[in-house]
Amino acid sequence: MGGLSDPAAGFLTIAALVAALVLVHAPLGDLMARVYTSSRHLGAERLLYRVAGVDPDAEQRWPVYARAVLGFSLVSVLLLYALQRLQGLLPLSLGFPGVAPPTAWNTAVSFVTNTNWQSYSGESTMGHLVQAAGLAVQNFVSAAVGMAVFVALVRGFTRSRTDRIGSFWVDLVRTCVRILLPLALVAAVVMLLGGVVQNLAGPTAVTTVAGGTQTITGGPIASQEAIKELGTNGGGFFNANSAHPFEGPTAWVSLFQVFLLLVIPFSLPRTFGRLVGDRRHGLAVVGVMGLLWLGSVALAVWAEVAGSGAAPQAAGAAMEGKEVRFGEVLSGLFGASTTATSTGAVNSFHDSFTAAGGGVTILNMMLGEVSPGGTGSGVYGLLVLAVIAVFLAGLMVGRTPELLGKKISRPEVTLVALYVLATPTLLLVGAALTAGVPSLREASLQDSGAHGLSEVLYAYASAANNNGSAFAGFGAATDYQNTALGLAMVFGRFVPMLLVIALAGRLASQAPVPVTAGTLPTHTPLFAGLLTVVVLVVAGLTYFPALALAPIAEALS
Amino acid sequence: MSRVLDLTRQSAAGLRLLLALTLLLGVLYPAVVLGVGQLVPGRANGSMIEVDGRPAGSALLGQAFDGPGWFQPRPSAAGDGYDPQASGASNLGPNNPDLVASIAERRAAVAASDGVDPAAVPADALTASGSGLDPDISPAYAEIQVARVARERGLPVATVEQLVAEHTRGRDLGFIGEPSVDVVTLNAALAGA
């Protein structure tokens, strides 16, 4: 059938994806900006507010906004935990018993924090009801919580002399009803056409072509798959996640999934630009995100196609853990994108990636999930780093730094410094405990040496940054790891989030500073360059020693 | 209002909202997708196939094929091989000595069974997939199996080659992913031939 050469096809794949994102980000970003500034409530939304007993027109001070986020997340964990524990008594459980407490805790926390780390195997643990009414609901609302906090932070910049940063309930409900639900419906239908399964079939034994037996389980997969990518969640219906043919049946469906997991994070900078009244600010942010993402994609795809390492060399290509229909290019592209967006879905298994390719996926998470990061959390993370960038620039010229007309003084810098320290502390302390305590190490590590250390680093990078993918050889299903990784997810999600809400409150209460000739413009390529350097330097200073001992040592050996 | 009291109040509002959203997003939404799926029932139900009028699994899920008369799929790490109840990969690292040893053994075994030079055995024949349920092999791996399958089944080589061509899928839209041969539907066609 002839056809394109491998490099041409790979280049076209990435170019088509970039073109689709460029095309969609403007209308979607503008639409999201209108959703958050509209003064109208839809009928369905009014109904939801009435059920909740909240006044949608009452705005909140930042401590109340923070308590609403925490309260909602707390009941989310409790409800999801209860659903799993009581599974045996519920319909559509497929005969599965209640989930054991350590796994149920880990899974509840994992889905509520938008991490979607999976210490269970979907097809042998979760019935259809828990998947659809428990896990998939958290896929929606945990993504919406991230976007709500982003909007609250933007209000901090756009408002002055007020103690109100918006209503969490309105931000949450509108994100679900007006943004995520319609997009998920369209995406689910597209995937149905591509062969993604949507039924309620329980385990069914069939006689195979050659006369053997196989037990096949279906489920409400397309509906879950759509929001799993769109909400940068990543928790697979099956253990094999998007590599499973019922989740990712064809190459174009898999590429479409990469598009879905990137589309909201890459459109929110446009929303940001709209909300602050100057699209150039959005361009600077998306420029930084795009540069870092494209760099990681190029590295990962190159590493997987080049296929260095003893096993890829012995086999002739790095195909261990990869599907034939996807090949190295689509696998590397998916791997880099899923780790750059805090999604954690996989269409190939990163533990078997080449040392360099696997290293890129770890580095992507260590950047703090800002390239472009998760829904909402990516762009608020990058705005926090922008505060550091103007602070550094201010130090250089000896001026009080400003960002978008707000003074960055000691209280703001303190909040931002704590934000930058929170995740690395969880990551490095958590990884050091597992790597340092012999009994923990032996219980969870599959490979020895540098690759073993990569497995531990990956696990804690993934949990603390709410990514959720894994070097799956790592034995995460022990009581210790279920508990410790669960704690890393909780603190990795809510400590930074609370600091951002507090920052929003501080900024909103300030009077605006007028722009003068001495103000550092924060919408220029120069500032985007400075911000890129800040992202890389902050991550580099924090993680280089650990990376040098793990993937870098492995790649060079 | 005290902070604890307010947190309780917010949690109560959150619980009521969460239950309402569960109905909308966790029941109504998947039900609508389920309804739409019935417009393309074959696909929504897993692209199931039949052999001689009996159900024989899914065209999407790889199966084990014992015996030289079948096209062989890739090695599988799902359970004891191609078990949809235990999907997954080997997760062995790129320098794992056990993996390197398995690859060498598989290369020798395939070369012997298909009567080809060990260097001609492609990578997908030597490595386990991500899902453990990969239904596909590369066209190169199908090609080296044609002579064996034709001989075992007493079919002309040209007939088997024709069947392989019919079950080969190019890159999607000409550029996405890799060319592949669906072993499940190919073997199903052989069973009916």
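The chains referred to below are lettered A, B, ... by the order of the sequence lines, with proteins before strands, and numbering in each begins at 1.
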Tell me, side chain or backbone of [X] under 4.5 Å from chain B's heavy atoms, or both, or neither?
{"X": "A:Ala136", "value": "neither"}
{"X": "A:Phe474", "value": "neither"}
{"X": "A:Val141", "value": "side chain"}
{"X": "A:His451", "value": "side chain"}
{"X": "A:Glu247", "value": "neither"}
{"X": "A:Ser348", "value": "neither"}
{"X": "A:Ala318", "value": "neither"}
{"X": "A:Ala201", "value": "neither"}

Compare every heavy atom of [Y] with every heavy atom of [X], then report the nearest pair and how far apart it is.
{"X": "B:Leu25", "Y": "A:Cys176", "result": "CD1-SG, 4.2 Å"}
{"X": "A:Ala243", "Y": "B:Gly130", "result": "CB-C, 4.2 Å"}
{"X": "A:Val209", "Y": "B:Arg54", "result": "O-NH2, 3.4 Å"}
{"X": "A:Ala188", "Y": "B:Tyr29", "result": "CB-OH, 4.0 Å"}
{"X": "A:Arg67", "Y": "B:Gln10", "result": "O-CB, 3.8 Å"}
{"X": "B:Ala13", "Y": "A:Val54", "result": "CB-CG1, 3.8 Å"}

How many angstroms lie between [atom1] in [X] and [atom2] in [Y], if you round to the nearest 0.5 Å?
{"X": "A:Leu79", "Y": "B:Leu19", "atom1": "CG", "atom2": "CG", "answer": "6.0 Å"}
{"X": "B:Asp172", "Y": "A:Leu255", "atom1": "CG", "atom2": "CG", "answer": "9.5 Å"}
{"X": "B:Leu18", "Y": "A:Leu78", "atom1": "CG", "atom2": "CG", "answer": "10.0 Å"}
{"X": "B:Ser131", "Y": "A:Phe246", "atom1": "OG", "atom2": "CZ", "answer": "11.0 Å"}
{"X": "B:Leu21", "Y": "A:Phe72", "atom1": "CG", "atom2": "CZ", "answer": "6.0 Å"}
{"X": "A:Glu328", "Y": "B:Glu178", "atom1": "CD", "atom2": "CD", "answer": "6.0 Å"}

Using a 4.5 angstrom heavy-atom cutoff, name the option from [options] with the most pairs to chain A.
{"options": "B:Thr127, B:Leu133, B:Val51", "value": "B:Thr127"}
{"options": "B:Ala20, B:Ala119, B:Ser47, B:Gly46", "value": "B:Gly46"}
{"options": "B:Val121, B:Leu15, B:Val40, B:Leu34", "value": "B:Leu34"}
{"options": "B:Ser58, B:Ala191, B:Gly69", "value": "B:Ser58"}
{"options": "B:Ala128, B:Ala12, B:Pro55", "value": "B:Ala128"}
{"options": "B:Ala31, B:Ser129, B:Gly177, B:Pro41", "value": "B:Ser129"}

Side chain to side chain contact (heavy atoms under 4.5 Å, CB included) between B:Asn95 and A:Gln313, worked out: CA-CA 10 Å; B:Asn95 295 299; A:Gln313 291 293 316; over 6 Å; no
Part of [X] lying under 4.5 Å from any heavy atom of chain A:
{"X": "B:Ala104", "result": "neither"}
{"X": "B:Ile49", "result": "side chain"}
{"X": "B:Val36", "result": "both"}
{"X": "B:Glu50", "result": "neither"}
{"X": "B:Val32", "result": "side chain"}
{"X": "B:Thr8", "result": "neither"}

pair A:Pro245-B:Pro135: side-chain heavy atoms closer than 4.5 Å: yes
Sub-4.5 Å side-chain heavy-atom contact between A:Pro220 and B:Val33: no
A:Asp6 and B:Arg171 ion-paired at < 4.0 Å: yes
Presence of salt bridge, A:Arg325 and B:Asp134, under 4.0 angstrom: yes
Please determine, among [options], the option with the most heavy-atom pairs under 4.5 Å with chain B.
{"options": "A:Leu193, A:Val346, A:Leu74, A:Leu135", "result": "A:Leu193"}
{"options": "A:Phe471, A:Phe11, A:Phe326", "result": "A:Phe326"}
{"options": "A:Leu181, A:Leu129, A:Thr208, A:Val189", "result": "A:Thr208"}
{"options": "A:Glu123, A:Glu320, A:Met319", "result": "A:Glu320"}
{"options": "A:Leu70, A:Asn241, A:Val69, A:Thr13", "result": "A:Thr13"}
{"options": "A:Leu48, A:Leu330, A:Val206", "result": "A:Leu48"}

Residue pair B:Leu24, A:Val177: steps toward the side chain to side chain contact (heavy atoms under 4.5 Å, CB included) verdict: CA-CA 9 Å; B:Leu24 177 67; A:Val177 172; 4.2 Å; yes
From CA spacing to verdict: side chain to side chain contact (heavy atoms under 4.5 Å, CB included), B:Ile176, A:Thr250: CA-CA 9 Å; B:Ile176 307 168; A:Thr250 65; over 6 Å; no
Could you tell me whether a side-chain N or O of [X] sits under 3.5 Å from a main-chain N or O of [Y], the two making a donor and an acceptor?
{"X": "B:Arg43", "Y": "A:Leu192", "result": "no"}
{"X": "A:Gln214", "Y": "B:Gly62", "result": "yes"}
{"X": "B:Arg106", "Y": "A:Ala315", "result": "no"}

Heavy-atom neighbours of A:Gln446 CD exceed 12 at 6.0 Å: yes
Part of residues 76-92 of chain B lying next to chain A, heavy-atom separation under 4.5 Å: B:Tyr82, B:Pro84, B:Gln85, B:Ala86, B:Ser87, B:Gly88, B:Ala89, B:Ser90, B:Asn91, B:Leu92
